[in-house]
Number of protein chains: 2
Amino acid sequence: MTSAPGSPLTGRARLTDVAALAGVSVGTASKALSGGGRMRPETRQRVLDAVAALGFRPNQQAQSLHTGRSWTVGLVTTDGIGRFSTPVLLGAEDALGAGKISVLMCDTRGDAIREQHHLRTLLDRRVDGIIVTGRRTDARAPLTGVTGLESIPVVYALSPSTDPADTSVVSDDQGGARLAMEHLLATGRTRIAHVTGPEHHAAARDRARHAVAHLQAAPLGLSTGRVHFGEWSEAWGRRAADAVLRTAPDTDAFFCGNDQIARGVADTLRERGVDVPGDIAVVGYDNWDTMALASRPPLTTIDMNLAEIGRIAALRLLEAIDADATPGVHTVPCRLVVREST
Amino acid sequence: MTSAPGSPLTGRARLTDVAALAGVSVGTASKALSGGGRMRPETRQRVLDAVAALGFRPNQQAQSLHTGRSWTVGLVTTDGIGRFSTPVLLGAEDALGAGKISVLMCDTRGDAIREQHHLRTLLDRRVDGIIVTGRRTDARAPLTGVTGLESIPVVYALSPSTDPADTSVVSDDQGGARLAMEHLLATGRTRIAHVTGPEHHAAARDRARHAVAHLQAAPLGLSTGRVHFGEWSEAWGRRAADAVLRTAPDTDAFFCGNDQIARGVADTLRERGVDVPGDIAVVGYDNWDTMALASRPPLTTIDMNLAEIGRIAALRLLEAIDADATPGVHTVPCRLVVREST
DNA sequence: ATGAAAGCGCTAACAG
DNA sequence: CTGTTAGCGCTTTCAT
């Protein structure tokens, strides 16, 4: 018996097999598949029939070797895959998948050595581009230290690059703070306190700065006269709420740096018998559903549209791959999600 | 001037360039790199020097085309990447990365069409194997519907395959329930209530069944005489705690199906002035830090070692790729994390 | 010990 | 319109 079609290596049909079955040469079979070039319709049909009969699918590696495009991008997460990077990652994967591009996942766990290692692997695999994302909004140093990096496009998502010549896609912290403040002011609050995370986090600093700036335009000031920096935790929210009520008992709203803090604040208020939102309104940040929805009452909060950040980063990367890069920092607007805490 | 080394396609040095610089043929250069075969040490050194000088790195695609191995595996998540799949994914990525294997991420969003599409892409890329993971512990139908799948190994992580001939790596729900019960019994509790998620979730059913079985061996029964199935939410935990205290006021411990429920229970107890763990102990499940630590008091809970599940799935896959598969369901033990709620 | 040559599966330029 | 040919970058016999 003659040997069955199928490579000795993969067991799958090759273009040679298709060509043989269709009674044409590989060259013709190839052209029939790539769609271009003129050829007799019935010949093309014979090839397509053979393809169907054999369940042929082109070997991506062979194609790439020839065309120089791997249809693959690297997704490098700098400090673990968590609550923030996951939606970004999914948004990116979604946008790329539509473009027939696959995603190589690399988690560096915040380790420089690991990062170098992963970058080298990605370049060895001839990825068409790289998306870098981290959990913080603080700017990070651009990728370096691996030869070949210069020749492929890189887009930074969520954590922008410190180099303005790079392409970064970030959340609009200013807009987020503004949405929160406008909402509180619109619902008649004027004695607003701000409780947030550590001052050394850009997210905390930026949101605070913009919140204050927006108040001053009213013109108003923070009810306690200052920003309460602390931790991104419920425990800090609880403690801070106590402190705020002691300092400024007439506070009528809390704008919190994240949903955990907001939930802590809400808990303290409830336990003190303060009605939320009747007496005091609470606004969080992140729209982390498990937090925002489990809170009593459920939290009004700011959604950073993380998936959209990932999606846009992917689109920018595709642009940079196919045409030209659009350097600079691209900002994705936030969304106010109103629930029962305001 | 002569043309600089580097392919017109990638701009990176090729083995040809290395060979030229070292004054040897490509064949020799290749052998020098693959390490094997005898050859004059100084020749090998000349090649290595050239490699260093040019910053040469082999083109992975070309290598794969020849060897038939892509050094790539597909990681298919069936219903979003979330709290459960992330650690599994990281554990797998870690184990695979050590073996010079990269991970292609595919999220199907629970959509069969998307799954088919992703599987086809993975096969086109000649992945060496596939890991399938989902957020539920319920068994899932094995991958099908794509030709070529038969020829590569697949390992199911967290959500086992319904086909016992497949290789699955799952959490030891029985052991988890046992750990919780033993701990409660050891600390002198005898009137234990069980509040958990929806009965149509295997995780809820299994943990409940094993908890009851373990109690019966004591011999004891549940304080309320039945399992309280509901939702995986804090709100359900709060409601259920009320119901339990009404039915069986002498209950001295709650074993909860997850940390959210446990936190809800703890909240209700605290608000009713019940001392935890003085009067009633609470044990959760999942060791979801943001929940378990934010709870008052912090929760004693069961950790499923998800990263370990991912790691083992990866190791099993590597085995199946390099040698033979070890079909069947592999169980990863849980870990009791004691905190202040018991 | 080294080089020449064939080929992995596919594409693209060029003949016929 | 179709077949032949020459690679993509690398590995691996097989001569030398």
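Hydrogens, waters and symmetry mates are skipped; everything else that's a heavy atom, side chains included, is used.
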K.L.:
Select from B:Phe56 and A:Gly23 the residue whose nearest nucleotide in DNA chain D is closer to the 5' end of that strand.
P.N.:
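Final value for this comparison: A:Gly23.
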
K.L.:
Considering residues at least two apart in sequence or located in another chain, which fulfil the salt bridge (charged side-chain N to carboxylate O under 4.0 Å, His left out) criterion with A:Asp163?
P.N.:
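Partners of A:Asp163 by the salt bridge (charged side-chain N to carboxylate O under 4.0 Å, His left out) criterion come out as none, since no residue qualifies.
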
K.L.:
In whole angstroms, how far is the C1' atom of C:dT2 from the CZ atom of B:Arg46?
P.N.:
11 Å

K.L.:
Just jot down the side-chain hydrogen bond (donor to acceptor under 3.5 Å, both in side chains) partners of A:Glu115, sequence neighbours excluded, or say none.
P.N.:
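Result, side-chain hydrogen bond (donor to acceptor under 3.5 Å, both in side chains) vs A:Glu115: A:Arg140.
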
K.L.:
What is the distance, rounded to the nearest whole Å, between atom CG of A:Leu65 and atom P of D:dG7?
P.N.:
14 Å

K.L.:
Taking CG from B:Leu54 and P from D:dG9, how many angstroms apart are they, rounded to a whole number?
P.N.:
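My rounded result for the distance is 14 Å.
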
K.L.:
So if I take every side-chain heavy atom of A:Gln63 and compare against C:dC10, D:dC10, C:dA4, which nucleotide ends up nearest?
P.N.:
C:dC10

K.L.:
Identify the pairs formed between an N or O of the protein and an N or O of nucleotides 12-14 of chain C at a distance under 3.5 Å, and give each distance.
P.N.:
none

K.L.:
Of the nucleotides D:dC10, C:dG3, C:dC10, which has the atom closest to the B:Val24 side chain?
P.N.:
C:dG3

K.L.:
Whole-Å distance between D:dC10 C1' and A:Arg126 CZ?
P.N.:
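Rounded to whole Å, this separation is 11 Å.
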
K.L.:
Measure the distance from CG on A:Asn59 to P on C:dG9 and round it to the nearest whole Å.
P.N.:
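Spelled out: CG on A:Asn59 to P on C:dG9 is 7 Å.
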
K.L.:
Does the side chain of B:Thr121 come within less than 4.5 Å of B:His117's, by heavy atoms?
P.N.:
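Yes, close enough: below the 4.5 Å cut-off.
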
K.L.:
How do A:Pro58 and B:Arg44 order along DNA chain C: which one's closest nucleotide is nearer the 5' end?
P.N.:
B:Arg44

K.L.:
Taking atom P of C:dC10 as reference, at what distance in whole Å does atom CZ of A:Arg57 sit?
P.N.:
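Going from CZ in A:Arg57 over to P in C:dC10 covers 12 Å.
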
K.L.:
Can you name the side-chain hydrogen bond (donor to acceptor under 3.5 Å, both in side chains) partners of A:Thr86, sequence neighbours left out?
P.N.:
none

K.L.:
I'd like to check the salt bridge (charged side-chain N to carboxylate O under 4.0 Å, His left out) partners of A:Asp111; sequence neighbours left out, ordered by chain and number.
P.N.:
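Testing A:Asp111 for salt bridge (charged side-chain N to carboxylate O under 4.0 Å, His left out), a comparison that skips the adjacent residues, returns none.
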
K.L.:
Can you tell me if the side-chain N/O atoms of B:Arg40 get under 4.0 Å from OP1 or OP2 in C:dT2?
P.N.:
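Result: yes.
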
K.L.:
How many whole angstroms separate atom CG of B:Leu33 from atom C1' of D:dG9?
P.N.:
13 Å

K.L.:
Would you indicate which nucleotide in D:dC1, D:dG9, C:dT2 comes nearest to any side-chain atom of B:Met39?
P.N.:
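Shortest atom-to-atom distance from the side chain points to C:dT2.
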
K.L.:
Going by side-chain hydrogen bond (donor to acceptor under 3.5 Å, both in side chains), name the residues that satisfy it together with B:Arg57, two or more places apart in sequence or in a different chain.
P.N.:
A:Asp124

K.L.:
Establish, from distance only, whether the side-chain atoms of A:Asp49 and A:Gln45 form a donor-acceptor pair under 3.5 Å.
P.N.:
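Short answer, yes.
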
K.L.:
Who are the salt bridge (charged side-chain N to carboxylate O under 4.0 Å, His left out) partners of B:Arg114, not counting sequence neighbours?
P.N.:
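B:Arg114 satisfies salt bridge (charged side-chain N to carboxylate O under 4.0 Å, His left out) with A:Asp94 only.
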
K.L.:
When the C1' atoms of the five terminal pairs at each end define the local axes, what inter-axis angle does the helix from C:dA1-D:dT16 to C:dG16-D:dC1 show, to 10 degrees?
P.N.:
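The end-segment axes of the helix from C:dA1-D:dT16 to C:dG16-D:dC1 are tilted 50° relative to each other.
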
K.L.:
What's the CZ-P distance between A:Arg14 and C:dG7, to the nearest Å?
P.N.:
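Nearest whole value for this atom pair: 12 Å.
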
K.L.:
Is any side-chain N or O of B:Thr43 closer than 4.0 Å to OP1 or OP2 of C:dT2?
P.N.:
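It does, given that an N or O in the side chain of B:Thr43 lies less than 4.0 Å from OP1 or OP2 of C:dT2.
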
K.L.:
For B:Arg135, enumerate each residue passing the side-chain hydrogen bond (donor to acceptor under 3.5 Å, both in side chains) test, keeping only those at least two apart in sequence or located in another chain.
P.N.:
none

K.L.:
What's the verdict on salt bridge (Lys or Arg N to Asp or Glu O under 4.0 Å) for B:Asp17 and B:Arg12, showing C-alpha distance, side-chain angles and the deciding distance?
P.N.:
CA-CA 10 Å; B:Asp17 304 314; B:Arg12 296 181 51 169; over 6 Å; no

